[in-house]
Amino acid sequence: MDADVIVVGLGSAGAMACWQLAEVHGAQVIGVEQYALGHDAGGYAGESRLFRTGYHESPEYVPMLLRARELWQELERGGRRTLFLPAGVLSIGAPTIAPMRNVLASVEEHEIPHEVLDAAELKSRFPQHGSITDEIGVLDRLGGVLRPESAVQEALRRARKAGAELIDNAPVAGIEEIPGGVRVSTARGSHTAKSVVVTAGAWAAQLVPELREVLDIRPLVLTWFAPEDPAAFAPEVFPGFIRDLGDVHLFGIPSVDGALVKAGWADAWGSIADPAQLVRFLEPSALAGVGGEVHDLVPDLPAHPSRHSVHMDAYTPDRRAVIGTVRPGVVVVAGLSGHGFKLAPAFGEIAARSALGLPQQHDISRFSPDRFGG
Ligand SMILES: Cc1cc2nc3c(=O)[nH]c(=O)nc-3n(C[C@H](O)[C@H](O)[C@H](O)COP(=O)(O)OP(=O)(O)OC[C@H]3O[C@@H](n4cnc5c(N)ncnc54)[C@H](O)[C@@H]3O)c2cc1C
């Protein structure tokens, strides 16, 4: 065998799996990426990602989120890149809606440092947010902003330093079982290993047919706005936020460059049949729609974005990632469903342990690839 484990797809989860496999477990690793390492077409692109422990999706994620946070800090400590800005994350919404109940349950049940602000406190502490009526704010003090491109690069650097062989510009065309392992074929040659971890993001179903009926590829749009006073949106005074108004889910990230503020809609952009169909720009009318809503809710941000970019992610029907073994020797981490970057180091850790046949530290049954039947 050429290696213990081959990792296919060196984006968010794949970079973390390589790091864990090579550095923590001392495994022989080959990582294969279809594009250049750290390319800008991955699910991680776009400058920043929210990390939050007050979790809208479910408090069940909190132990894994806390583990991910430790790993982010460990990754940052070992290098020279800033990966995490501890700006906090503010969840805003009516206290009765399910996402806010989940946020409150997350921070209370798991004793996460937090503050609950009523509407009056919210308005006076964070006047950047407008039109607050009966909403509350929950400030998650463990939340913050991740720098995804740097994080992927840093994890790959750590993996390479620990001996991983990383191969770029080599799209994997097929994975086949061989006695005692797998063969992974690319246009530039094939490699064998005892097991393979497939972390191919929006492209995963092309390599793992079991995922074809499960993954839905959705475009996601990022929009940046230029406020007159960028200092009012600096990480020290303006936490990341998610505002839930029933039909409208707005998110925002403090200015990481001292000029622009990222804010926009989460999840409102339909789906595509194939990653090749992604259109990487938005019509002006669609930009005006998101800009108008951002301006209504954060009035000091102008109504027209000064920059935008279009990305994609693979979603599962229940918005939980798929993590586990689909066939002997084939481990997948896929369907991170628009909220998986923050968890990527924990997912990488789990994938590494699965690939090496080690027991897990978390209950991962909820992420089982078998849960959708068929
Ligand atoms: C715009 C946007 C905003 C988001 N905001 C947040 C947020 O605030 N917080 C959060 O936690 N999450 C967020 N997410 C979700 C998160 O970023 C994604 O879930 C995550 O990055 C997906 O990681 P992945 O490893 O599955 O895929 P990727 O990071 O895309 O990695 C897949 C890799 O596999 C490679 N690959 C694919 N096919 C092959 C092949 N055949 N051969 C070799 N290589 C291959 C790809 O080129 C790519 O490098 C957001 C996502 C988007 C798109």
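No side-chain heavy atom of Pro95 sits under 4.5 Å from any side-chain heavy atom of Met100. Residues Leu117 and Phe126 are in side-chain contact: their nearest non-hydrogen atoms beyond the backbone lie under 4.5 Å apart. A heavy-atom distance below 4.5 Å is not found between the side chains of Ile136 and Ile92. Side-chain contact between Leu250 and Ile242: absent, with no pair of heavy atoms (C-beta onward) separated by less than 4.5 Å. Counting heavy atoms from C-beta outward, Asn169 and Gln34 have side chains that stay 4.5 Å or more apart. The side-chain heavy atoms of His110 and Thr53, taken from C-beta on, include no pair separated by under 4.5 Å. Taking the side chain as every heavy atom from C-beta outward, Glu115 and Glu121 never approach each other to under 4.5 Å. At least one side-chain heavy atom of Leu222 sits under 4.5 Å from a side-chain heavy atom of His311.
Sequence neighbours left out, not one pair with a member in residues 151-176 passes ring pair (Phe, Tyr, Trp, His ring centres under 6.0 Å). Under the ring pair (Phe, Tyr, Trp, His ring centres under 6.0 Å) criterion, the residue pairs touching residues 216-235 are Phe233-Phe238, with sequence neighbours excluded.
Residues meeting the ring-ring contact (aromatic ring centres under 6.0 Å, His included) test with Tyr61, sequence neighbours left out: Tyr55, His339.
Note on ring orientation: taking the six-membered ring where Trp is involved, the planes of Tyr35 and His39 are perpendicular (angle over 60°, cut-offs 30° and 60°).
How far CG of Leu83 is from CG of Leu71: 12.0 Å, rounded to the nearest 0.5 Å. A distance of 9.0 Å separates CG of Leu146 from OG of Ser48, quoted to the nearest 0.5 Å. How far CG of Asp2 is from OG of Ser190: 7.5 Å, rounded to the nearest 0.5 Å.
Under 4.0 Å is where a charged nitrogen must lie from a carboxylate oxygen, and between Arg307 and Glu47 at least one such pair does. Classification of Arg67 and Glu349 as a salt-bridged pair holds, one side-chain N sitting under 4.0 Å from a carboxylate O. Using a cut-off of 4.0 Å between Lys/Arg side-chain N and Asp/Glu carboxylate O, Arg243 and Glu135 are scored as salt-bridged.
Residues Val326 and Ile323 do not share a hydrophobic cluster, defined by chaining ILVMFWY side chains whose heavy atoms lie under 4.5 Å apart. Residues Ile272 and Phe281 are members of separate hydrophobic clusters, defined by side-chain heavy-atom contacts under 4.5 angstrom among Ile, Leu, Val, Met, Phe, Trp and Tyr. The same ILVMFWY cluster, assembled from side-chain heavy atoms under 4.5 Å apart, contains both Leu21 and Leu10. In the hydrophobic clustering of ILVMFWY residues, with side-chain heavy atoms under 4.5 Å counting as a link, Tyr44 and Phe84 come out together. Note on Leu156 and Ile167: separate hydrophobic clusters, where clusters join Ile, Leu, Val, Met, Phe, Trp and Tyr whose side-chain heavy atoms are under 4.5 Å apart, directly or indirectly.
Side chain of Ser337 to main chain of Gly335: a donor-acceptor pair is present (N/O by atom type, distance under 3.5 Å, no hydrogens or angles). The backbone N or O of Ala170 sits nowhere less than 3.5 Å from a side-chain atom of Thr186 that would complete a donor-acceptor pair. In terms of modelled atom types and a separation under 3.5 Å, the side chain of Asp168 and the main chain of Glu33 share no donor-acceptor contact.
Nearest heavy-atom pair across Gly174 and Leu207 is N-CD2, 4.4 Å. Looking at every heavy atom in both residues, Trp72 comes nearest to Ala151 through CZ3-CB, 3.5 Å.
More than 12 heavy atoms of other residues, nucleotides or ligands shown are found within 6.0 angstrom of CD on Gln73. For His304, the NE2 atom sits in a loose shell: 12 or fewer heavy atoms of surrounding residues, nucleotides or ligands are nearer than 6.0 Å.
Side-chain contact check for His56 and Ser91: at least one donor-acceptor pair (N or O, by modelled atom type) lies under 3.5 Å. Looking only at atom types and distance, the side chain of Gln360 has a donor-acceptor partner in the side chain of Ser354 under 3.5 Å away. Under 3.5 Å, the side chains of Ser58 and Asn102 contain no donor-acceptor pair of N or O atoms. Neither side chain, Thr223 nor Lys262, offers a donor N or O lying under 3.5 Å from an acceptor on the other.
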What's the verdict on side-chain contact (heavy atoms from CB on, under 4.5 Å) for Glu60 and Arg366, showing C-alpha distance, side-chain angles and the deciding distance?
CA-CA 10 Å; Glu60 290 163 4; Arg366 288 190 297 272; 3.3 Å; yes
